[in-house]
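Reviewing the structure listed below.
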2 protein chains.
Amino acid sequence: MVPVTGPGLRERKKADTRAALARATLRLAREQGWAEVTVEQIAAAADVSSRTFFNHFSSKEEALLQPAGAEPGRFARQLAEQPAALPAREAARAVLRAGLAEIAADEDGGGWRVRMEVIGSDPALLARAVEVSTAGEREMAEALARRAGQDPDRDLEPVLLAAVLGAALRVTLVRWACAPGPVDLPALFDEAVELVATGLPGPAALS
Amino acid sequence: MVPVTGPGLRERKKADTRAALARATLRLAREQGWAEVTVEQIAAAADVSSRTFFNHFSSKEEALLQPAGAEPGRFARQLAEQPAALPAREAARAVLRAGLAEIAADEDGGGWRVRMEVIGSDPALLARAVEVSTAGEREMAEALARRAGQDPDRDLEPVLLAAVLGAALRVTLVRWACAPGPVDLPALFDEAVELVATGLPGPAALS
DNA sequence: GCGACACGCTGCACACGCTGAAAGATTGCG
DNA sequence: CGCAATCTTTCAGCGTGTGCAGCGTGTCGC
């Protein structure tokens with residue numbers, strides 16, 4: 001499909017400016033706080049005009065939360081690759097777990113942990129992050145419903161499963177970002193899912 | 001503390017303008033779509049200046065999502081009123097259920113169902129709604145942790161329980177808003193919580 | 001090669017959200 | 001009544017986000 005030469009010079013330059021903008025956004029946010037960062041600053045730091053910034057990102061938040069463009073249908077594809085014998089919950093868990101492993105491995109270059117730190121420091125930013133994850137949950141719900149031959153608009157299970165897994169994912173990421181030393185991100189996620197799957201006894205039933 | 005005569009003329013007028021602004025916001029949003037509504041319009045419809053709008057609400061979204069001022073600590077207080085013998089999950093469920101019953105009863109005057117419809121129609125608005133509910137989850141997690149003598153920053157259970165219940169709450173509200181006829185809102189919530197509490201078998205395990 | 005086209009970058013203008021400060025109006029209290 | 005508090009209004013300004021027209025550079029067919 002794709003020529004062996006890969007993407008042309010043009011697309012590479014486009015990706016470069018996008019990456020430069022995303023990098024500048026993260027750096028400035030960490031240095032001076034999210035609220036104090038302006039689009040003009042980011043654009044200047046990346047050596048482009050402010051207008052160009054909005055050609056790549058529709059908002060300041062998007063530059064921080066979606067540094068790489070989102071591939072639609074990624075979750076659905078990965079879910080389909082899971083063994084059909086697996087229960088829906090386990091299949092979805094495996095896919096999300098793989099995504100987390102990727103994020104954890106990216107640590108060196110991507111700086112997702114720093115990103116999480118910035119996100120956690122600003123309520124409005126946190127809201128946007130949840131918006132993104134909510135969009136992901138919608139996709140997850142649809143993929144899960146398709147897998148089980150259900151309708152996401154009528155059946156409760158796929159939607160609820162997606163929402164609960166999304167919640168577990170969010171909690172896990174926050175815990176990971178707040179943890180002092182290096183922590184095994186996928187293991188943290190497993191712990192949360194396990195707790196939910198066993199019926200979530202709740203604090204009062206423990207110890 | 002408060003004089004028996006109740007709030008003075010002054011505070012009543014303040015509450016009136018706030019209510020008028022909130023009402024105008026909902027009406028205009030329903031009539032012409034959220035994106036098309038401007039603060040200037042809302043203020044004009046409520047017969048005040050645009051600046052006054054921001055003396056009551058810190059954003060356009062707040063006027064729609066928090067028509068009445070939020071009382072901090074409400075959840076914690078109601079949680080404390082629950083029987084101590086109740087497991088944490090059941091206690092929290094009862095409190096949230098009561099809140100939903102209130103919303104459902106408000107239907108005639110408050111128009112929460114119309115509100116949910118407007119919220120669901122705009123992604124940015126949905127994000128803000130999630131922001132509000134996320135703040136609520138934080139409060140919920142802290143209250144649950146206090147009840148069980150835990151630390152929300154270190155222990156997983158209270159935070160996860162709050163996140164999962166929040167997810168169930170969100171799914172329930174969406175289902176309620178999308179449902180064609182009048183539906184028993186608290187019952188819908190019970191159904192979702194029950195499904196999660198029993199271990200969320202997932203679609204593949206059913207039928 | 002080379003010309004035509006596509007596309008990203010840019011500057012400009014503008015609407016809108018939101019904030020701060022200062023001045024006027026209204027309420028509550030002594 | 002007079003004073004203090006506070007709410008409203010006006011005005012001026014910053015930052016976000018969008019539409020549009022022009023320009024330069026990569027891309028593709030000839």
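Proteins come first, then strands; the chains are lettered A, B, ... in the order of their sequence lines, and each starts at number 1.
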Expressed as a whole number of angstroms, how long is the span from [X]:[atom1] to [N]:[atom2]?
X	N	atom1	atom2	result
Lys60(B)	dC16(C)	NZ	P	10 Å
Glu61(A)	dG15(D)	CD	P	16 Å
Gln41(A)	dT16(D)	CD	P	9 Å
Ile42(A)	dT16(D)	CD1	P	8 Å
Arg128(B)	dG17(C)	CZ	P	12 Å
Asp16(B)	dT8(D)	CG	C1'	15 Å
Glu36(B)	dA15(C)	CD	P	16 Å
Glu11(A)	dC28(D)	CD	P	9 Å

Heavy atoms, side chains only, cut-off 4.5 Å: are [X] and [Y] in contact?
X	Y	result
Arg115(B)	Leu26(B)	yes
Arg170(A)	Glu137(A)	yes
Phe57(B)	Gln66(B)	no
Phe53(B)	Glu40(B)	no

Between dG20(C) and Arg51(B), counting only base atoms on the nucleotide and side-chain atoms on the residue, is there a donor-acceptor pair under 3.5 Å?
yes

Per Arg10(A) side chain, nearest of listed nucleotides dT25(D), dG17(D), dT9(D)
dT25(D)

In terms of side-chain heavy atoms of Val48(A), which of dT9(D), dG17(C), dT10(C) is nearest?
dT10(C)

Between [X] and [N], is there a contact of a side-chain N or O with OP1 or OP2 at under 4.0 Å?
X	N	answer
His56(B)	dC7(D)	no
Thr52(A)	dC9(C)	no
Thr17(A)	dC9(C)	yes
Lys14(B)	dT6(D)	no

Is Glu11(A) salt-bridged to Lys14(A), cutoff N-O under 4.0 Å?
no

Just checking Thr38(A): base, sugar-phosphate only, or nothing, at a heavy-atom cut-off of under 4.0 Å?
sugar-phosphate

Using a cut-off of 4.0 Å on non-hydrogen atoms, how would the nucleic acid contact of Ser50(A) be classed: base, sugar-phosphate, or nothing?
nothing

